[in-house]
2 protein chains.
Amino acid sequence: MSEVDSFFKSAFSVDNVIFGFDGSDLKVLLIQRGAPPFKGKLALPGDLVYPNENLETAAERVLEQLTGLRGVYLEQVKAFGAVNRHPLGRVITIAYYSLVKTKDYTPMPASFAQVASWHTIHHLEELAFDHNQILHNCLLQLQQRVRMAPIGFELLPPKFTLTELQQLYESILETELDKRNFRKKILSMNLLEDLNEMQAGVAHRPAKLYQFDQERYKQFVERGYSFDL
Amino acid sequence: MSEVDSFFKSAFSVDNVIFGFDGSDLKVLLIQRGAPPFKGKLALPGDLVYPNENLETAAERVLEQLTGLRGVYLEQVKAFGAVNRHPLGRVITIAYYSLVKTKDYTPMPASFAQVASWHTIHHLEELAFDHNQILHNCLLQLQQRVRMAPIGFELLPPKFTLTELQQLYESILETELDKRNFRKKILSMNLLEDLNEMQAGVAHRPAKLYQFDQERYKQFVERGYSFDL
DNA sequence: AGGGTTATTGTTCATTGTACACCAAATAAT
DNA sequence: ATTATTTGGTGTACAATGAACAATAACCCT
């Protein structure tokens, strides 16, 4: 094989860190590999990129095949390309993360042969390939991003309570926040609309329900902000 | 050509946005392409990644071949992989940016056939491939990064004045800063050491020279900070 | 009716950000 | 030598933001 030919003995893939929030913890959607290498191990969902497919399209395809979801938040993080990261050849992978509302997620039975399931981010077992490293990098990026734009809302159902929102931020940022200060800050942004509805069926004082103001939300995503907590 | 084969009719490259600072403006090092496609156009320095070469190693190699510099600040930004971004085939590229002290830069005559030269970032002409887009993304990342860690120092000579430092931040962030507030903030970090030396040969009151405290610098790079200006 | 659980609300103090103007020290020009 | 020109260096008052902190309200369950 000539030098020039060997430039083309390579492929690229996408891997997608799909984050979800179950109301109290940040989760990631992992598949169990059904074939070697790393058969039986947990891994990030991913696939080779088709020859005529854009990278982002490939990431969207992986997401849709696994969850049936389209049009969700998706962001590239970076490329991982260590020479020996894939045992079968030179494969560099482009890492994406996406944010999904777990309630929208309908398991796709036949799409991937593999079983997909939610796992808590922290204290995670060893994953296939360099996927622990990829996951860690994506989490760092999410933590940074959530301070710059209100993307955390992508993980919540349309109606939510302030406590749910706070728990989301706490689980993303891995920190505890002061309840009163959090509320003061988030409400002062005029990003939330009070729905004048209450939780029902809870065995304690019911909380108000909010949704976010779509216009303000777009502004914040585009212009960014500094959300120090 | 079968579907499977066509997965391997692809290649990946690195492109390096090399930033420099001439004392008043942020610059980027561009080459003039000596061969098609885009012959004669300005482009980012880049190259295909060798089969047994890590991505970062490739970026370092491109930088060294062009400038003779090793061990300078280098950071991956993201991958660019639109299907038709390269007219000769499917080539995705991984973008890096690096920060160099222009005084250290010794032009490499024979290394690349192309001519390399510094260009001001703003009001840049049209570059080859999607390099305008890549450059723009790298600049955005630099702007974010410089607020989180003191990496701006990588662009300055070992001894510098506070005014030079301020002009660096102003040219990176494309904004004007208040002199007194800037000095108050930067000095309060205990990141700078007063060298008890003065500028010489300037036609005005000479400024004090500073260097940065290596220990503090490392701490800030690792732990990060919030540098709101 | 009372216990359990979570929701909601405001003030004080410390810290940080922001706006702003004058004198000092060097060279250059006359 | 005097003056002009240029950039360096410094402090204060006010506003805004961040941080710490605890008592009452509303629902369900028994």
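Protein chains get the first letters and strands the later ones, always in sequence-line order, with residue 1 at the start of each.
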- Salt bridge present between A/Glu75 and A/Arg145 (N-O < 4.0 angstrom): yes
- Query: Is it the case that A/Lys218 places NZ or CZ above or below the six-membered ring of A/Phe220, under 6.0 angstrom from the centre and within 45 degrees of the axis?
  - Reply: no
- Task: With DNA chain D as reference, determine whether A/Lys185 or A/Val202 sits nearer its 5' end, using the nearest nucleotide of each.
- Result: A/Lys185
- Message: Within the 4.0 Å heavy-atom criterion, would you say A/Thr161 contacts the bases, only the backbone, or no part of the nucleic acid?
- Response: nothing
- Query: Rounding to a whole Å, what distance do you find between B/Asn181:CG and C/dT16:C1'?
  - Reply: 11 Å
- Message: Rounded to whole Å, please give me the gap between CG in B/Asp178 and P in C/dG17.
- Response: 13 Å
- Message: Quick check for you: among C/dA28, C/dA7, C/dG10, whose closest atom lies nearest to any side-chain atom of B/Ala203?
- Response: C/dA28
- Message: Cation-pi check for A/Tyr210 against A/Lys208: NZ or CZ below 6.0 Å from the six-membered ring centre and within 45 degrees of the axis, yes or no?
- Response: no
- Message: Given 3.5 Å as the limit, does a donor-acceptor pair link the side chain of A/Asp213 with the main chain of A/Arg216, or not?
- Response: yes
- On DNA chain C, more 5' by nearest nucleotide between B/Ser226 and B/Met198 is B/Ser226
- Message: Quick check: on DNA chain C, is the nucleotide nearest A/Leu162 upstream (toward 5') of the one nearest B/Gly201, or the reverse? Name the residue that is more 5'.
- Response: A/Leu162
- Flag the pair A/Glu126 and A/Lys41 as a salt bridge only when some basic side-chain nitrogen lies within less than 4.0 angstrom of an acidic carboxylate oxygen. yes
- Does A/Phe38 have its ring centroid less than 6.0 Å away from the ring centroid of A/Phe129? yes
- What are the bounds, 5' to 3', of the part of DNA chain D that sits under 4.0 Å from heavy atoms of chain B? D/dT6 to D/dT12
- Figure out the CG/P separation between A/Leu192 and C/dA7, and round it to whole Å. 15 Å
- Return the value, rounded to whole Å, for the distance between atom NZ of B/Lys208 and atom P of C/dA25. 12 Å
- Message: Base of C/dA26, side chain of B/Arg205 - is there a donor-acceptor contact under 3.5 Å?
- Response: no
- d(CG, A/Leu165; P, C/dA7) in whole Å: 13 Å
- Round to a whole Å and report the spacing from CD of A/Glu164 to C1' of C/dT6. 12 Å
- Message: Categorize A/Lys184 for me: base, sugar-phosphate, or nothing, with a 4.0 angstrom heavy-atom threshold over every strand shown.
- Response: base
- Are any of the side-chain nitrogens in A/Lys159 or A/Glu197 under 4.0 Å away from the carboxylate oxygens of its partner? yes
- Message: Below the 4.0 Å mark, does C/dT8 have OP1 or OP2 next to a side-chain nitrogen or oxygen of A/Arg183?
- Response: yes
- Name the nucleic acid region contacted by A/Lys179, choosing base, sugar-phosphate or nothing; use a 4.0 angstrom heavy-atom cut-off, strictly under. base
